[in-house]
Amino acid sequence: MLLDSIHSPTDLKRLSMSELPQLAQEIRQFLIEKLSVTGGHLAPNLGVVELTLAMHYLYDSPTDKFLFDVGHQAYVHKMLTGRMDRFDTLRQKDGLCGFVKRTESEHDVWEAGHSSTSLSGAMGMALARDMQGRSNKVIAVIGDGALTGGMALEALNHIGHEKRKLTVVLNDNEMSIAPNVGALHNYLGKVRSDKTYRKAKDEFEWLLRKVPAIGGKLARTAERLKDSLKYLVVPGMLFEEFGLKYLGPVDGHDTEKLIEAFRQADNCEGPVLVHILTVKGKGYSPAEADSHKWHGITGSYKIESGQVLKPVGPPMYTEVFGNTLIELAEKDSRIMAITPAMPGGSGLLGFAQRFPGRMIDVGIAEQHAATMSAALAMEGMKPVYAVYSTFLQRAYDQVVHDICRHNANVIFAIDRAGFVGGDGETHQGVYDIAYLRHIPNLVLMMPKDENELRRMMATAVAYDDGPIAIRYPREQGRGVAMDEQPSPIPIGSWEVVRDGDYAAILAIGPMVHVAEEAAELLKREGLSVRVVNARFVKPLDEAMLAQLAKEHLPMLVLEEAAVAGGLGSAILEHYAQQGLKPTVQLAGIPDRFIEHATIKEQRAEVGLTAEETAKQVRAFALLKRQRQTAN
Ligand SMILES: Cc1ncc(C[n+]2csc(CCOP(=O)(O)OP(=O)(O)O)c2C)c(N)n1
Ligand SMILES: CC(=O)[C@@H](O)[C@H](O)COP(=O)(O)O
Ligand SMILES: [Mg+2]
């Protein structure tokens with residue numbers, strides 16, 4: 001096996017070009033086998049085997065900078081840079097990160113997780129290089145999906161302006177996670193299939209090669225003619241208009257052709273875009289046939305059959321959301337679903353099938369999705385903006401400026417709220433409470449189980465007074481019975497799920513059940529603890545807060561979200577404004593990033609467990625005695 005001899009890019013360079021196809025085959029086999037146990041982003045990585053080989057074969061990483069957009073397709077890069085032996089730990093606690101990770105290797109120069117940042121990174125690295133008089137290469141690999149992200153176009157615009165030397169490799173596999181959407185996608189499709197240009201270009205080059213060595217003038221004319229021919233037929237001219245030289249399309253699975261194209265790019269002045277055509281999932285038939293499903297696999301699969309092993313038990317919150325939205329949309333034709341490139345992950349495929357034209361996938365464009373939703377609401381529609389908590393971070397200003405300021409009646413369906421597990425720190429949905437609750441006009445709520453999610457969706461659709469957000473976790477429901485006709489919940493009303501008079505735990509979402517388990521543990525010690533489902537972050541249930549203060553119950557606020565700016569902070573602010581000083585302790589995510597692991601491990605890492613919660617509540621007794629002694 002050639003692969004056994006590869007421990008660094010230096011080892012790779014010792015191989016002959018003719019050995020690379022075999023190595024590519026071995027890399028694919030390695031990925032298919034390893035990920036059949038660990039899960040991960042199989043299809044994207046199978047599509048970039050030859051590309052990554054060509055880059056490491058021709059260039060000198062880390063002197064030459066490789067920037068992988070999103071970074072979910074960097075497994076081959078990790079294999080070639082000495083991390084093959086760590087793939088059994090992929091996306092696991094203290095294991096190999098599923099994205100590029102600077103602390104893992106000197107070859108990992110640019111981290112991501114969120115898409116469309118690589119071109120800005122490349123521009124910055126090229127600028128720094130030039131300011132420091134260095135001469136290294138800068139190569140950014142960006143997919144056709146990530147190219148629909150606004151940041152990428154901002155960077156392209158600047159790259160074309162600066163005209164500094166760098167290479168953009170556009171990895172065009174016609175797929176985002178779902179099939180890619182948008183004018184850019186259609187445009188690239190023309191280049192992929194433009195037989196006229198490809199035939200004319202090949203014939204022209206054949207002709208040029210036939211004519212004996214052409215003198216300078218005629219060569220320059222020929223070059224100009226080729227460019228004008230290109231201008232006439234090749235739609236890839238968009239990039240030339242942006243100020244980048246366009247090369248391609250190149251077969252993205254032919255290592256030799258890729259190396260030739262990169263060499264050509266290296267010989268050009270200024271920025272170059274090399275457009276490569278690849279197949280997402282290349283080399284594994286189930287993934288080639290359905291690269292949407294095989295974009296990212298959570299869990300394991302059977303290699304031969306391609307059967308993905310699904311968790312048994314209640315449906316994910318996402319599935320309950322998708323099914324409930326269909327029910328609601330049956331009765332309300334104003335309802336539209338908007339997704340920034342995540343129709344599958346957000347549970348909207350059924351909705352799209354049932355209501356063609358009422359599910360709008362805008363591509364990787366969270367900002368555009370938000371502002372467009374505001375306009376839809378202003379014009380009498382009932383837009384449901386379905387977005388992961390972490391990706392909504394991209395649209396913070398649009399939420400403030402275009403939705404809440406207008407009090408636009410947009411419904412936010414914020415999925416992946418809380419820890420997300422294997423995707424780790426770039427994807428944790430733990431900041432949305434902090435970045436949303438301070439915005440005027442917004443209602444923010446989170447259900448304790450899947451039935452309450454349905455009730456909150458009914459609440460949101462019935463609510464016409466402005467923006468309203470529901471956040472829910474990346475996990476299965478609790479297996480509770482679901483109301484046939486979910487009834488709306490009074491806005492701002494919390495729920496006492498367990499009575500008690502020793503202390504109170506105010507919890508939200510899945511933490512309500514952690515609180516109930518903690519209360520059960522404490523009951524065995526004779527301590528009766530009240531559990532409140534503090535399901536509205538905004539508005540707070542001020543009547544219940546007054547009651548709790550009046551009873552002098554010490555309180556613990558339990559949330560799977562950043563403590564800073566979270567629900568607990570809101571409660572402390574409320575009491576401070578009332579001039580009250582009850583005992584309120586906060587339990588949530590501390591001021592640091594939480595890396596990849598299972599959700600259970602991530603919760604344990606920050607103490608969001610029944611045992612830790614019980615310990616904190618038990619400490620109230622000590623606090624009480626200390627206070628009594630002091631008085
Ligand atoms: C800001 C942001 N929005 C959404 C996502 C989710 N996401 C991850 S990869 C991906 C598709 C990327 O498509 P492309 O760039 O073509 O790469 P490919 O997977 O096809 O290689 C999306 C939408 C993200 N990572 N970042
Ligand atoms: C790389 C990326 O951002 C997406 O593929 C993300 O990993 C999807 O997350 P879920 O698996 O939670 O849908
Ligand atoms: Mg793609």
Would you tell me whether [X] and [Y] have side-chain atoms, one donor and one acceptor, within less than 3.5 Å of each other?
| X | Y | result |
| --- | --- | --- |
| H56 | H77 | yes |
| R474 | S389 | no |
| N451 | D483 | yes |
| T598 | E601 | yes |
| S61 | H107 | yes |
| D415 | S346 | no |
| T390 | H114 | yes |
| Q29 | E33 | yes |

Salt-bridge contact [X]-[Y] (side-chain N to carboxylate O under 4.0 Å):
| X | Y | value |
| --- | --- | --- |
| R603 | E475 | yes |
| K93 | E595 | no |
| K101 | E425 | yes |
| R83 | E104 | yes |
| K280 | E288 | no |
| R91 | D423 | yes |
| E605 | R592 | yes |
| D60 | K13 | yes |
| D108 | R102 | no |
| E330 | R354 | yes |

Stepwise side-chain hydrogen bond (donor to acceptor under 3.5 Å, both in side chains) check, N171 with T278
CA-CA 7 Å; N171 172 30; T278 61; 2.6 Å; yes
Please find out if less than 6.0 Å separates the ring center of F30 from that of F87.
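Yes, the ring centres sit under 6.0 Å apart.
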Within the 6.0 Å centroid threshold, strictly below: Y284 and W294:
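Here the rings of W294 and Y284 have centres that are less than 6.0 Å from each other.
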Look at the aromatic rings of H41 and H72 and report parallel, tilted or perpendicular, splitting at 30° and 60°.
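Perpendicular: the ring planes of H41 and H72 meet at over 60°.
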Look at the rings of F593 and Y431 and say which category their plane angle falls in: under 30° parallel, 30 to 60° tilted, over 60° perpendicular.
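It falls in the perpendicular class, over 60°.
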Measure the shortest side-chain to side-chain distance between M446 and P510 over non-hydrogen atoms and say whether it is less than 4.5 angstrom.
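Yes; the side chains approach each other to less than 4.5 Å.
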Could you check whether any side-chain heavy atom of L12 comes within less than 4.5 Å of a side-chain heavy atom of L23, counting everything from C-beta outward?
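Yes, side chains in contact.
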Residue list, salt bridge (Lys or Arg N to Asp or Glu O under 4.0 Å) with K34, at least two apart or on another chain
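Once residues adjacent in sequence are excluded, the partners of K34 under the salt bridge (Lys or Arg N to Asp or Glu O under 4.0 Å) criterion are D88.
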Please name the residue in the list E366, Q393, R416 that meets the side chain to side chain donor-acceptor pair (under 3.5 Å) test with Y388.
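The option that passes is R416.
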